[in-house]
Amino acid sequence: MGVSGPIRVVVAKPGLDGHDRGAKVIARALRDAGMEVIYTGLHQTPEQIVDTAIQEDADAIGLSILSGAHNTLFARVLELLREKDAADITVFGGGIIPEEDIEPLRAQGVAAIFTPGVPTGEVVAWVREHVGLAHRA
């Protein structure tokens, strides 16, 4: 199934984390790079995030988290995507995620993790390369 038009990315803040500067910076960078971005706002449940991604026909979900609940929340988003036959939606994340948690998250299905200080251009390039090509094949 090929996709036409710009890459569509849902940027979401799962859980109780109330800090969204990083998510807004990434959302703006993706938008400025020509992608369609749907920012869900703060305090979203995994169910709300997955429902939004499916309703918006998203190619990817970018999760931003600072609260330390990344292992639980990322896993739940991936689980819901599988349950709803939407596992083709690429999930990537960023925020305050300890180095020792990155590989286990990737093993569960998170395609990439971006930690603080990564240039926004690197995130944009990754999305273009890994989401754009994968969803346009």
Side-chain angles (χ1 to χ4, degrees):
M1 172 171 95
V3 175
S4 61
I7 297 168
R8 295 176 60 82
V9 181
V10 169
V11 175
K13 292 289 300 177
L16 300 177
D17 186 357
H19 185 282
D20 64 352
R21 177 185 278 172
K24 287 179 177 177
V25 167
I26 293 300
R28 195 169 306 120
L30 295 172
R31 180 205 64 199
D32 290 351
M35 298 178 206
E36 289 186 21
V37 178
I38 300 94
Y39 175 61
T40 63
L42 294 169
H43 310 300
Q44 298 293 297
T45 66
E47 291 78 7
Q48 289 170 315
I49 294 165
V50 169
D51 287 346
T52 298
I54 291 169
Q55 289 169 6
E56 294 290 342
D57 196 25
D59 301 308
I61 298 172
L63 299 171
S64 172
I65 194 158
L66 305 171
S67 68
H70 49 273
N71 290 322
T72 303
L73 293 170
F74 283 30
R76 181 67 179 143
V77 166
L78 292 165
E79 176 185 18
L80 288 166
L81 287 171
R82 285 189 297 272
E83 286 176 8
K84 295 181 183 238
D85 290 327
D88 61 327
I89 298 174
T90 302
V91 176
F92 65 97
I96 306 297
I97 299 172
E99 187 68 35
E100 62 269 15
D101 290 345
I102 293 175
E103 252 338 286
L105 287 169
R106 288 183 55 91
Q108 290 177 33
V110 178
I113 297 289
F114 300 98
T115 54
V118 170
T120 56
E122 190 174 315
V123 178
V124 168
W126 183 91
V127 171
R128 277 193 179 131
E129 181 178 344
H130 293 92
V131 175
L133 292 178
H135 287 81
R136 278 143 180 76

Charged N-O contact under 4.0 Å between Glu79 and Arg82: no
Side-chain donor/acceptor of Lys13 to backbone N/O of Gly18, under 3.5 Å: no
Side-chain (Arg106) to main-chain (Ala111) donor-acceptor, under 3.5 angstrom: yes
Does one hydrophobic cluster hold both [X] and [Y], with members joined at side-chain heavy-atom distances below 4.5 Å?
X	Y	result
Ile96	Ile65	no
Val25	Leu30	no
Ile49	Leu66	no

Contacts of type side chain to side chain donor-acceptor pair (under 3.5 Å), residue Asp20, not counting sequence neighbours: Lys24, Tyr39
Pairing residues for Thr120 by the side chain to side chain donor-acceptor pair (under 3.5 Å) criterion, not counting sequence neighbours: none
Look up atom [atom1] in [X] and atom [atom2] in [Y], then write down how far apart they are to the nearest 0.5 Å.
X	Y	atom1	atom2	result
Asp88	Leu81	CG	CG	8.5 Å
Ile54	Ile89	CD1	CD1	5.5 Å
Glu100	Leu105	CD	CG	10.5 Å
Ile102	Ile113	CD1	CD1	6.5 Å

Glu83, CD atom: more than 12 neighbouring heavy atoms under 6.0 Å: yes
Do [X] and [Y] come within less than 4.5 Å of each other through their side chains, counting heavy atoms only?
X	Y	result
Asp59	Val9	no
Val124	Met35	yes
Phe74	Asp101	no
Asp51	Lys84	yes
Leu73	Leu63	no
Trp126	Val118	no

Thr40 and Gln48: CA distance, side-chain angles, deciding distance, side-chain contact (heavy atoms from CB on, under 4.5 Å) verdict: CA-CA 9 Å; Thr40 63; Gln48 289 170 315; over 6 Å; no
Heavy atoms only: give me the nearest [X]-[Y] pair and the separation to one decimal.
X	Y	value
Leu78	Gln108	CD1-O, 3.6 Å
Val37	Arg31	CG2-N, 3.6 Å
Arg128	Ile7	CA-CD1, 4.1 Å
Gly95	Pro116	O-CD, 3.1 Å
Ala58	Val10	CB-CG2, 3.8 Å
Asp17	Ser67	OD2-N, 3.7 Å

